[in-house]
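The block underneath contains the structure these notes are about, expressed in structure tokens.
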Number of protein chains: 2
Amino acid sequence: MSQDLPESSREPGFDLEDFPGVHMAVDVAVMTVGEPNEWGERQLMTLLVKRTGEFEPGTWVIPGRFVRYRERLKDAAKICLKEKVGITGVNPRQLNVLDEPDRDPRGWTMSVGHVVPVPFYVALKAVGESPMTRDLAVVTEKRIEFRSEQQTLPRSQQKILDYAVNYLRSRYASRPDPKGFLGEKFTLSELYEVHAAILGQKFWSRDAMRRNFLPFLEDTGEISKGSVGKPAVVYRHRERDPLTTPRRVQIPSSSQIATEY
Amino acid sequence: MSQDLPESSREPGFDLEDFPGVHMAVDVAVMTVGEPNEWGERQLMTLLVKRTGEFEPGTWVIPGRFVRYRERLKDAAKICLKEKVGITGVNPRQLNVLDEPDRDPRGWTMSVGHVVPVPFYVALKAVGESPMTRDLAVVTEKRIEFRSEQQTLPRSQQKILDYAVNYLRSRYASRPDPKGFLGEKFTLSELYEVHAAILGQKFWSRDAMRRNFLPFLEDTGEISKGSVGKPAVVYRHRERDPLTTPRRVQIPSSSQIATEY
DNA sequence: AGAATAGTGTCTGTTAGACATTATAGA
DNA sequence: TCTATAATGTCTAACAGACACTATTCT
């Protein structure tokens with residue numbers, strides 16, 4: 001363990017107490033994809049909470065929380081979700097670190113942005129439990145659209161959302177619904193709507209998606225019901241990846257956090 | 001500014017002092033690409049420093065440093081490079097946050113990994129100034145090869161290097177030498193060697209690279225000299241990107257930091 | 001029957017990869 | 001001349017996108 005220390009900490013005369021600590025926080029972008037609208041389009045959304053304290057009450061922000069002594073960031077993010085929006089059983093992923101020293105007038109703080117993709121019904125349930133203090137906002141290219149009220153997110157929170165969107169885009173570029181926005185079973189149309197909501201114009205055509213994703217799926221034997229038109233075959237995810245992997249090898253996604261703004 | 005706070009910090013009765021601060025550090029992976037070896041291959045390398053203090057002297061680690069009060073992470077990384085390896089004028093990029101609470105037996109610390117790509121001559125100069133306490137190690141797939149001595153890097157430092165490699169791979173997948181490992185002028189062969197060092201088998205063939213990168217380059221009129229075979233045309237980067245951008249739109253790289261290990 | 005959606009088959013343009021050919025240097 | 005490397009041109013297989021056509025449901 002001790003060999004994991006930064007090199008400087010081992011110089012002669014070094015004292016950890018010479019460096020005051022920073023108050024650490026986490027902010028969590030809970031991302032989901034809504035149901036199709038009247039034109040059959042789905043939209044990427046994020047869960048917001050309303051500030052209820054003495055400071056700027058009524059402001060909508062993504063859930064956040066300070067990190068307790070010796071707490072891990074991922075645990076802090078999980079507890080944050082449990083306490084603020086009643087969501088459990090998720091796995092937050094680190095994004096960028098917000099380190100502007102003047103973020104908090106009361107002291108020196110940093111915050112680590114996180115992202116958590118959840119199925120729509122989970123987000124809906126969270127909002128339903130406390131509709132006055134929780135809401136879903138549509139996330140579009142570099143902007144957020146609140147349901148009714150105007151509002152713009154704090155700049156640093158918008159930055160976290162930008163990274164959250166990029167995270168989802170990299171994950172949804174070449175695999176069918178890896179984060180399970182749809183449930184266990186789904187049709188190819190639903191799959192296309194979800195991927196189109198995340199990737200927009202950058203995604204394949206329906207034809208290309210079918211060709212590329214079908215090897216990852218298996219037929220459940222069921223067919224969709226209740227809608228106009230020919231019923232669609234219902235698929236589920238295959239247990240293991242197909243042996244016929246895509247010809248072109250995937251470039252690993254960047255690990256960078258900070259992008260120039 | 002104050003609206004950038006995490007939501008929890010604004011609850012009634014909240015006191016920032018209830019949350020003790022964490023000692024913040026930065027670790028910086030200085031990455032470079034070496035000169036071609038006897039088989040014409042170049043290799044990705046990273047700059048290491050030798051611990052000189054009382055603790056584990058002789059251990060090789062990537063440069064690191066604690067963050068001073070209200071200091072920005074990027075500034076801490078820059079100062080770290082200046083003081084430890086004499087490198088200035090660079091722009092460190094954030095990677096992942098190491099938050100294991102037992103990393104430092106003396107107290108609660110976290111460290112933010114950074115990456116800095118530098119031309120080979122810069123790394124060579126840094127080593128040359130202090131050859132006993134600085135060295136270059138070859139970075140291969142998920143492992144590090146030290147020049148002479150054995151050594152394996154501390155686990156958390158290896159993690160930073162993994163992210164640094166992924167960062168470079170995403171950057172070098174579709175643009176010619178964006179971080180300037182080669183100098184201002186270079187031949188297509190040199191360009192291929194650098195990209196192959198970073199991307200390995202995942203990179204294009206020489207033919208495909210030529211077709212895709214040529215629109216980004218312009219002929220200097222010069223030709224290479226001194227080697228066997230037909231002299232190569234010397235290119236430089238074009239001022240602006242070509243109007244004929246690649247047909248297939250690039251999926252933005254992931255913003256995630258933490259990957260499961 | 002008509003509209004709407006799902007699924008299949010075919011064609012075309014683009015591109016990566018392979019390879020042959022030519023060009024030009026040093027040994 | 002021989003060898004090594006650079007540069008160009010051509011061919012092929014793979015694939016994305018487009019579209020025609022069939023299938024199946026609801027109204």
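Each chain gets a letter, A, B and so on, in the order the sequences are listed, and its residues count up from 1.
- One can place OH of B:Tyr192 at 16 Å from C1' of D:dA7, the figure rounded to the nearest angstrom.
- Aromatic ring pairs are classed by plane angle as parallel below 30°, tilted from 30° to 60° and perpendicular above 60°; the pair A:His195 and A:Tyr172 is tilted.
- With D:dA6, D:dG17, D:dA4 as the candidates, the nucleotide lying closest to the side chain of B:Ala232 is D:dA6.
- Spacing between atom CZ of B:Phe213 and atom P of C:dA16 amounts to 11 Å, rounded to whole angstrom units.
- At least one side-chain nitrogen or oxygen of B:Ser189 sits closer than 4.0 Å to the OP1 or OP2 atom of D:dA6.
- Considering only side-chain N and O atoms, A:Arg206 lies nowhere under 4.0 angstrom from the phosphate OP1 or OP2 of D:dA18.
- D:dA4 atom P lies 17 Å from atom CH2 of B:Trp39, rounded to whole Å.
- Remark: P of D:dA16 and CD of A:Gln201 are 17 Å apart, rounded to the nearest angstrom.
- When rounded to the nearest whole Å, the span between CG of A:Asp219 and P of C:dG7 equals 9 Å.
- Judged by closest nucleotide on DNA chain D, B:Arg210 is the one of A:Ser227 and B:Arg210 placed further toward the 5' end.
- Rounded to whole Å, the distance from CD1 on A:Ile223 to P on C:dA6 is 12 Å.
- Residue B:Thr187 places no side-chain N or O under 4.0 Å from the OP1 or OP2 atom of D:dA6.
- Residues B:Ser205 and B:Val228 both approach DNA chain C. Their nearest nucleotides, taken by heavy-atom distance, put B:Ser205 toward the 5′ side.
- Exactly one of B:Leu182, B:Leu214, B:Leu191, B:Thr187 qualifies for a side-chain contact (heavy atoms from CB on, under 4.5 Å) with B:Tyr235. That residue is B:Leu214.
- One finds a salt bridge joining A:Glu193 and A:Arg42 here, because a Lys/Arg side-chain nitrogen approaches an Asp/Glu carboxylate oxygen to under 4.0 Å.
- Taking atom CZ of A:Phe186 as the reference point, atom P of C:dA6 lies 15 Å away to the nearest angstrom.
- You'll find the ring centres of B:Phe186 and B:His237 inside the 6.0 Å limit.
- Summarising the geometry, the separation between CG on B:Leu188 and C1' on C:dA23 is reported as 16 Å, rounded to the nearest angstrom.
- OP1 or OP2 of C:dT15 has not a single side-chain nitrogen or oxygen of B:Asn212 nearer than 4.0 Å.
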With side chain to side chain donor-acceptor pair (under 3.5 Å) as the criterion, how do B:Lys78 and B:Asn91 come out once you've worked through the C-alpha distance, each side chain's angles and the decisive distance to 0.1 Å?
CA-CA 7 Å; B:Lys78 284 179 185 173; B:Asn91 184 25; 5.0 Å; no
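- Positionally, the nearest nucleotide of DNA chain C for A:Lys230 lies more toward the 5' end than for the other of A:Lys230 and A:Leu214.
- In the interface, the side chain of B:Arg211 is paired with the base of C:dG17 through a donor and an acceptor atom under 3.5 Å apart.
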